[in-house]
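I have placed the structure first, in the form of structure tokens, so that the comments after it can refer back to it.
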Amino acid sequence: MKYNTRKLLFTFGASLIVTLATAQSPDKVLWFDKPARFFNESLLLGNGTQGATIFGGITKEKVLLNNATLWSGEPVSDTTYKDYYLHLPAVREALAREDYRAADTLIQKLQGHYSQAYMALGTLYLHLNHDTAVSNYYRDLNLDSSISKVHYTVNGVNFDREYLVSHPDKVIIIKLTASKKGALNFDLSFNSVLHYGFEKSNNSIKAFGYAPYRQDASARGTVGKIFYDANRGIHFASNVAVKTKDGIQTVGDSTINISGATEAFIYVSLATSFNGFDKDPVKQGKPYKPVAESILQKAMAKNYDAVKKAHIADYRRLFARVNLQLGSFTTDKSQPTDKRLQLYGTGAEDKALEALYFNFGRYLLISSSRTPNIPANLQGIWSYYVRPPWQCNYTTNINAQENYWPSETTNLSELHLSLLGQIENISKTGAANAKNFYNCRGWNCAHNSDIWAMSNPVGDRLGRPRWSNFSMGGAWLSTHIWEHFSFSQDTAYLKQKGYPILKGAAQFCMDFLVKDKKGNFITSPSTSPENSFYTDAGYNGSVLYGGTADLAIIRECFIKTIKAAKVLKIDAGFIDSIQNKLDNLYPYQIGAEGKLQEWYYDWKDPEPTHRHQSHLIGLFPGEHISVEKTPELANACKRTLEIKGDETTGWSKGWRINLWARLKDGNHAYKMYRELLRYLPPIGDTIIYNGPGGTYPNLLDACPPFQIDGNFGGTAAVAEMLLQSTDEEITLLPALPDVWSTGEVKGLKARGGFTVDIKWEKGKVVSYKIVSKSPRKVKVSVNNKTTLITSQTN
Ligand code: FUC
């Protein structure tokens, strides 16, 4: 059907839409007055593993189906790159004689294969047989319940749909109702962009298929090869069945027809054969067909309302832990979300939209991060490509980490475990990687990973070193282990799981460090994520020695390893040796322009506004630079950010807002938060990589293209404006923007295992509550005064 805009415009005056919309909380509901044409307008549902993308089409509805465990590829072998480290001395020698051109080329010998890619599973199509002229169209996503709805009227008959993806029941359900008996008539079908087929079944559509066992990466625009083999790679099953009230159901091999129903429930179960990063998905794969069948049968045997009730209770257990009120709502509630975003872009005040974006980030994490060892990828779990942007992988020079910044501070600590499990897997492949590429102990990860926990430098010996040869992905990831402990105080986790992995990352760094000509410890070779320099001789290169970002990440890794060993009272000798190297790292330098120097020398930047700022990691997400403890370095970070400016990609904006918050400049953080929420029109289904970062109509972050890290960075930044903590002290409202002068937040988390509620008026805290499992002494800074208090227990 062609969507009838004129008809809709004519009928939108209908008060029903306004009633539906205004009944919703403007900070917890996304709603629209027309179906989505593109992914950037759709609504995303997920139970942390299964994902459904809802377009809300009228007579033609499509629902994109995803499963977090469906990727191309197979387990990696740890012998592929044996002895590659023999190429390392030549790079070091080139750098020692300041031959940066030679280093840029020689380092390519230290590159292996690219990561594999996250795969779309399939699409469910619904063709409804009724008139195309509809009125009262409305669709929404309620963040309080994780349920999406569609409503419209045709010839006086109301059609309603309700969509959910249940975590307790692992099933996707669409409920359709018609207000007139027998008015529901539709066909249902399934297809996939992967290799697939159907199996005979009397009462369901049973689709089975498989992902490529190998997919060669493509640089932008160029298409690499895709390899399929029915006996290799991750296999999937998708089962679809319908229950109806009234009417007749006709089931074919690949379609289901419903005629004359009043109510219908579509059940979809999705399962894959993935059985762990080191298991062959065919020979050692999970029994995906029986799993999909059993999920479907169990869910269908239950009463829908019971499934829905369990789904809402399960979801709310996580979502309702935090409540944010940013003052009086000035929103015109009768405006759909995309319109609000556009108005906001013209300068309108909409505190409810600012809170909605924060709530949406928490919603997205709950919906994409509940699979053991499989963290949210570049697009969470929602993708419709065989060849997604950047393989839709884990990019470990910022993006994978940024996804998890809100996990601890916004009270979703257990969701962090997906990433922590992946880090454990990476530490295993990364041990071979450390040995093969660098002849070091411990483990290491370069700039990418995937479901197979691959960790080698990518590039196939042709890649640009500025991203391929980043060697600090593992050390950076390992800092998440301490963060999880610091917020959760889970000593058993630290002792049994976390510390040995953290120690392994530190061990790699210990072995990798070499001395510069003055006797300082540095890395060589080194890169600064994705950036390049001009040497004094005018060479534009990217491989150097002693890059600041490497050393900043090593500082974080060492500081946290020492803290963890002290908590566990172990490894005194090892931590002495770490402390020694930490004390003798090449110190930070402040360049002529007042910036925190990014390169070993104060070289010129070809791109002074470059999106990456990994050398500032000590300020955020790290802990060793702060306004209070290292004011000169903090000031140099500030100068760096001023020179970089505020115009950058979505994820980079998300990061910079956090950095400005740590600089205690709430107004600058807020300015950039507004710019992160800049409306970007949907660009259709082509992948566009260039242009400003912002937010699509469905509130998804645009790098561009869509990348979920910006959503998570922005969400973390709101928490960082309202509450900051170190292992020693909690600061309330450290970077409160003037415009958020009155508000309340409940349930944020602080390091030390504290839960914090804050109420403020005219920019000052008027009441607060700090809770922990048992009463503990804690230093709190409130309205610029620090006091020692005892925490409450409830
Ligand atoms: C890094 C960034 C890009 C993009 C990619 C997934 O390489 O520099 O902007 O976000 O990751």
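Order of appearance sets the numbers: ligands from 1, and atoms from 1 within every ligand. Source: prediction; values computed, not measured.
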Problem set entry | cation_pi(Arg674, Tyr344) dist<6.0 Å, angle<=45 | yes
Problem set entry | Contacting atoms of ligand 1, where contact means under 4.0 angstrom from a heavy atom of Arg611 | 2 (C), 3 (C), 8 (O), 9 (O)
Problem set entry | ligand 1 N/O within reach of His612 N/O, cut-off under 3.5 Å | yes
Exercise. Of the backbone atoms (N, CA, C, O) and the side-chain heavy atoms from C-beta on, which set of Leu378 has a member under 4.0 Å from an atom of ligand 1: side chain, backbone, both, or neither?
Worked result: side chain
For this session: Decide ring-ring contact (aromatic ring centres under 6.0 Å, His included) for Phe274 and Trp452; before the verdict, give the C-alpha distance in whole Å, the side-chain angles of both, and the deciding distance to 0.1 Å.
Result: CA-CA 10 Å; Phe274 176 76; Trp452 312 107; 5.5 Å; yes
Exercise. Are any of the N or O atoms of Gln707 closer than 3.5 Å to those of ligand 1?
Worked result: yes
Problem set entry | Any Trp655 side-chain heavy atom under 4.5 Å of Thr648 side chain | no
Problem set entry | Of all pairs that satisfy side chain to side chain donor-acceptor pair (under 3.5 Å), the ones with a partner from residues 464-475, not counting sequence neighbours | Gln111-Asn469
Problem set entry | Trp651, portion touching ligand 1 at heavy-atom distance under 4.0 Å | side chain
For this session: Look up atom CE in Met472 and atom CZ in Phe512, then write down how far apart they are to the nearest 0.5 Å.
Result: 5.5 Å
Problem set entry | For Asn399, atoms of ligand 1 separated by under 4.0 Å from a heavy atom | 1 (C), 10 (O), 11 (O)
Problem set entry | Residue list, side-chain contact (heavy atoms from CB on, under 4.5 Å) with Ala634, at least two apart or on another chain | Ile625, Val627, Leu663
Problem set entry | Heteroatom proximity flag, Asp709 to ligand 1, N/O under 3.5 Å | no
For this session: Please verify whether a non-hydrogen atom of Trp390 lies at under 4.0 Å from ligand 1.
Result: yes
Exercise. Can you list the ligand 1 atoms lying under 4.0 Å from a non-hydrogen atom of Glu530?
Worked result: 1 (C), 2 (C), 7 (O), 8 (O)
Problem set entry | Cationic tip of Arg214 above Tyr114 ring, under 6.0 Å, 45° of axis | no
Seminar exercise, completed: Under 4.0 Å between heavy atoms, the region of Ile398 that gets near ligand 1 turns out to be neither
Problem set entry | Short N or O distance, Thr395 and ligand 1, threshold 3.5 Å exclusive | no
